[in-house]
*Asks:* 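Mind looking over this structure? Questions follow.
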Protein chains: 2
Amino acid sequence: MNKLEKQSDLILKNNGLSVTSSRKKILEVFLSAETALEHQDIEKIVTQYDRVTIYRTLQTFLDKGIIHPIPTTDNSIKYAVCSETCVKTGHHHDNHVHFFCDKCGKTECLDDVAIPSVILPSGYDMHEINMVVNGTCKTCRA
Amino acid sequence: MNKLEKQSDLILKNNGLSVTSSRKKILEVFLSAETALEHQDIEKIVTQYDRVTIYRTLQTFLDKGIIHPIPTTDNSIKYAVCSETCVKTGHHHDNHVHFFCDKCGKTECLDDVAIPSVILPSGYDMHEINMVVNGTCKTCRA
DNA sequence: AAGCATTTTGCAACAAAGTTGCATTCATCG
DNA sequence: CGATGAATGCAACTTTGTTGCAAAATGCTT
Ligand SMILES: [Mn+2]
Ligand SMILES: [Mn+2]
Ligand SMILES: [Zn+2]
Ligand SMILES: [Zn+2]
């Protein structure tokens, strides 16, 4: 078992999930991905597993807080692995900005860019903030 | 023609769109709505028009900048009318925070809450920022 | 290591959401 | 009013997501 496989294995166990080949493989895909992925992306990469299994696996990972969803304006739902701390605690609180490239559609976590706070009118009870910046990514600017 | 109809009519003309009954009616729905709406909502309210017409009308309104999409974590795409300035100029730059209620799913434009600025790492070219706050709305808190 | 209980998977069938081409209808403008 | 181009409705289709159930795999116990 290489390093990536070990990491994947450990995350599953830490979250009380049984280690099946589909879960392991899909998690490895996320761990080694540089951008956020949507269901369709996974389906293309991991062709050996059933569509339904992928839906269920993504849902399981969401429930456990292993991955987080990124709402984008292109009407797709992208997912990315949570930072190490998130994964360890199982308690998910993403506090960074996400970047969506209008040219190539790739979506990234900007782990170092914190979401600034806002003050809401009274009456609103805030639980979570999502900030997505649209623009052109490094690669597409060149 | 009442006030609402006149407004709807005017917006369509200002954007160089022919005034058809479906466009007028759908725009009136948006103008009098208190929350953002998704395709399905429109379909339920405006039963006299074809599903396809609604899809095409929403796309047309988006192209013209009459409505703007709000990315939410519940995997739906909600739309809301742009502020009067947006509509007039045709050039869409929404700068306010959106609120998504996790209890009732209703989504609102918080027109008075400006999106704070962020600084991105070099290489990223920013075009637009979206900020969506999840939480509990006034009504659901009661 | 083998057996057992439980969970996960794949398949099939289905439901919902979104797209496309084309004939008909409608809005706009002279 | 009549001509012209645009918008609509319908049908057919593709894609996306959901559900029930039998078969397979996992983790645990012995
Ligand atoms: Mn992230
Ligand atoms: Mn808005
Ligand atoms: Zn790009
Ligand atoms: Zn609410």
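Letters A, B, ... mirror the listed sequences (proteins, then strands); counts begin at 1. The structure displayed is predicted, hence computed values, not measured ones. The figures that follow rest on heavy atoms only: side chains count, while hydrogens, waters and symmetry mates do not.
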*Asks:* Show me the donor-acceptor pairs within less than 3.5 Å that the side chains of residues 134-142 of chain A make with the rest of the protein, sequence neighbours left out.
*Replies:*
unit_1, atom_1, unit_2, atom_2, d
Asn134(A), ND2, Thr73(A), OG1, 3.0
Asn134(A), ND2, Asp102(A), OD1, 3.0
Arg141(A), NE, Gly123(B), O, 3.1

*Asks:* Which sits closer to the 5' end of DNA chain D, Leu17(A) or Leu17(B), going by the nucleotide each is nearest to?
*Replies:*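 Checking each residue's closest nucleotide, the 5'-ward one belongs to Leu17(B).
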*Asks:* Need two values: the first and the last nucleotide of DNA chain C, 5' to 3', having an atom under 4.0 Å from any heavy-atom of chain A.
*Replies:* dT8(C) to dA12(C)
*Asks:* Anything under 3.5 Å between a protein N or O and an N or O of nucleotides 17-26 of chain D, put it in a table, one pair a line.
*Replies:*
unit_1, atom_1, unit_2, atom_2, d
dG17(D), OP2, Tyr55(A), OH, 2.8
dG17(D), O5', Tyr55(A), OH, 3.4
dG17(D), N7, Arg51(A), NH1, 3.1
dG17(D), N7, Arg51(A), NH2, 3.1
dG17(D), O6, Arg51(A), NH2, 3.0

*Asks:* Test of understanding: with salt bridge (Lys or Arg N to Asp or Glu O under 4.0 Å), list the residues that count as partners of Asp125(A), not counting sequence neighbours.
*Replies:* none
*Asks:* So what does Ser22(B) hit on the nucleic acid, given a heavy-atom distance under 4.0 Å: a base, only sugar-phosphate, or nothing?
*Replies:* sugar-phosphate
*Asks:* Which residue pairs pass the salt bridge (charged side-chain N to carboxylate O under 4.0 Å, His left out) test with at least one member in residues 65-81 of chain B, sequence neighbours excluded?
*Replies:* Glu38(B)-Lys78(B)
*Asks:* According to side-chain contact (heavy atoms from CB on, under 4.5 Å), who are the partners of Arg51(A), at least two apart in sequence or on a separate chain?
*Replies:*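 Arg51(A): side-chain contact (heavy atoms from CB on, under 4.5 Å) contacts with His39(A), Glu43(A), Tyr55(A).
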*Asks:* Which residue pairs satisfy the salt bridge (charged side-chain N to carboxylate O under 4.0 Å, His left out) criterion with at least one member in residues 105-116 of chain A, sequence neighbours excluded?
*Replies:* none
*Asks:* Applying side chain to side chain donor-acceptor pair (under 3.5 Å), can you list everything that pairs with Tyr79(B), at least two apart in sequence or on another chain?
*Replies:* none
*Asks:* If the helix axis at each end comes from five base pairs, how far does the helix from dA1(C)-dT30(D) to dG30(C)-dC1(D) deviate from straight, to 10°?
*Replies:*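 About 30° separates the two local helix axes.
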*Asks:* Would you confirm whether Thr57(A), through its side chain, and Arg23(A), through its main-chain N or O, come within 3.5 Å as a donor-acceptor pair?
*Replies:*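 Flag not set: sc Thr57(A) to bb Arg23(A) has no pair under 3.5 Å.
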*Asks:* Name every residue in residues 41-50 of chain B that has at least one heavy atom under 4.0 Å from any atom of DNA chain D, in order of residue number, or write none if there are no such residues.
*Replies:* Tyr49(B), Asp50(B)
*Asks:* With sequence neighbours excluded, tell me which residues meet side chain to side chain donor-acceptor pair (under 3.5 Å) with Thr60(B).
*Replies:*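 Result, side chain to side chain donor-acceptor pair (under 3.5 Å) vs Thr60(B): none returned.
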*Asks:* Evaluate the side-chain proximity of Val133(B) to Leu110(B): yes if any heavy-atom separation is below 4.5 Å, no if none is.
*Replies:*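 Of all side-chain heavy-atom pairs linking Val133(B) with Leu110(B), none is under 4.5 Å.
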*Asks:* Apply the test side-chain contact (heavy atoms from CB on, under 4.5 Å) to residues Ile119(A) and Tyr124(A): give CA-CA distance (whole Å), side-chain angles for both, the deciding distance (0.1 Å), then the verdict.
*Replies:* CA-CA 10 Å; Ile119(A) 295 162; Tyr124(A) 293 95; over 6 Å; no
*Asks:* With heavy-atom distances below 4.5 Å as the criterion, would you say the side chains of Lys64(B) and Ile11(B) are in contact?
*Replies:*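 No; the side chains remain at least 4.5 Å from each other.
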*Asks:* Would you name the heavy atoms of Ser117(B) and Pro116(A) that are closest together and state the gap between them?
*Replies:*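 Smallest heavy-atom distance, with atoms named: O-CG, 4.1 Å.
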*Asks:* Distance-only check: which donor-acceptor pairs under 3.5 Å involve side-chain atoms of residues 27-35 of chain B, not counting sequence neighbours?
*Replies:*
unit_1, atom_1, unit_2, atom_2, d
Ser32(B), OG, Glu28(B), O, 2.7

